[in-house]
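A, B, ... follow the sequence lines: proteins, then strands. Residue 1 opens every chain.
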Amino acid sequence: MNLRISTWNINSVRLRIGLIERFVKDVSPDVLCLQEIKVDDPLFPADAFHDMGYKYHAVAGQKGYHGVAILSRIPIKKWERKNWCDKEEARHVIATLDCGPKAGIDVHNFYIPAGGDIPDPDKNDKFAHKMQFLDDVSAWFRNEEDPKKAKILVGDLNIAPSEHDVWSHKQLLKVVSHTPIEVEKLAILQDSLGWVDAVRHLVPEPEPLFSWWSYRSKDWRVNNRGRRLDHVWVTKPLQKGLKAMQIDDDTRDWVRPSDHAPVTVDLDLS
DNA sequence: ATGGTGGTCCTACCA
């Protein structure tokens, strides 16, 4: 059995439901993970997703800000929303898919805090929050979760780890999303369960890969000042099944686009 | 060095 999973920071699910329909028509993922849905649970457009074939969903919504959702054509056995850093922010939802091994596959969908502008936790509460979030999630995976189980972690992690994940390593070293301390914290998170970066496993460096281009940059395709902020990771039991990945950056040129492009990975579960 | 754009929801705040 093949599993196609996509992750997309959609920046308002209600405003861009038409773009999602177009993407689903083209790519047809079995599981679609969204971030920044910017809507509370009662107003989530579940019917539209049902019409696209996603009969199962796990939604952690919030009014106006954040919000993550997992839409699935594969039955969801159970799901859960998790809050971090003693905040009620909707940044993490977990769904267990009824496929693959007997216990199923856990999908973790994250929207990690962006972290504000100044990369100093003493001067910037938002950056301190980002650091704490990464520490707490890393400790939780390390202490509570089993690296031998089949798991997928996706989302807008708001960190571009390598020099080939940004348009200019040198010019972004002091820019939040690519600072050494963030890259180190992301490495610790990756180490917590021995996560494999599925996208880089399939398309190794030095190939540049970006999934986000600022709304503020004109001629984004010409200047190509992108960053790879959106990620798909898998635990070791799923590594051998990694088949293909794609970043659909054509979506960045659609009318009223998200500033992020969807990242899709194909996994062979047989 | 600065400001550039876009979302929510109506006034700033967030990215």
* Under 3.5 Å, is there a donor-acceptor pair linking the side chains of A/Arg4 and A/Asn2? ->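 No, no side-chain donor-acceptor pair sits under 3.5 Å.
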* **For B/dG4, the Watson-Crick or wobble partner whose two distances fall under 3.5 Å** =>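 Per the H-bond distance test, none.
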* **Residues that A/Asp191 engages under salt bridge (charged side-chain N to carboxylate O under 4.0 Å, His left out), provided they are two or more places apart** =>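 Here the qualifying residues are A/Arg142.
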* Just jot down the salt bridge (charged side-chain N to carboxylate O under 4.0 Å, His left out) partners of A/Lys148, sequence neighbours excluded, or say none. =>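 A/Lys148 satisfies salt bridge (charged side-chain N to carboxylate O under 4.0 Å, His left out) with A/Asp146 once adjacent residues are dropped.
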* To do: Apply side-chain contact (heavy atoms from CB on, under 4.5 Å) to A/Arg200 and list each qualifying residue two or more places apart in sequence or on a separate chain.
  =>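 Applying side-chain contact (heavy atoms from CB on, under 4.5 Å) to A/Arg200 gives A/Ser162, A/His164, A/Asp165, A/Asp197, A/Glu205, A/Glu207, A/Leu209, A/Arg228.
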* **Of all pairs that satisfy salt bridge (charged side-chain N to carboxylate O under 4.0 Å, His left out), the ones with a partner from residues 238-252 of chain A, not counting sequence neighbours** =>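 For residues 238-252 of chain A: A/Arg221-A/Asp249.
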Per-pair distances, 0.1 Å, donor-acceptor, side chain in residues 92-101 of chain A, under 3.5 Å, sequence neighbours excluded:
| residue | atom | partner | partner atom | Å |
| --- | --- | --- | --- | --- |
| A/His92 | ND1 | A/Trp84 | NE1 | 3.0 |
| A/His92 | NE2 | A/His108 | ND1 | 3.0 |
| A/Thr96 | OG1 | A/Asp106 | OD1 | 2.8 |

Between [N] atom [atom2] and [X] atom [atom1], what is the distance in whole Å?
X: A/Arg16; N: B/dG7; atom1: CZ; atom2: C1'; result: 7 Å
X: A/Lys218; N: B/dG6; atom1: NZ; atom2: C1'; result: 11 Å
X: A/Ile10; N: B/dG6; atom1: CD1; atom2: P; result: 16 Å

* Structure fact -> Given protein heavy atoms under 4.0 Å, the one-letter contact record of nucleotides 9-15 of chain B, with B base, S sugar-phosphate only and - none, is simply S---BSB
Could you tell me how far [M] sits from [N] if I compare only their [atom1] atoms? Round to whole Å.
N: B/dG3; M: B/dA15; atom1: C1'; value: 15 Å
N: B/dC14; M: B/dC9; atom1: C1'; value: 13 Å
N: B/dG6; M: B/dT2; atom1: P; value: 23 Å

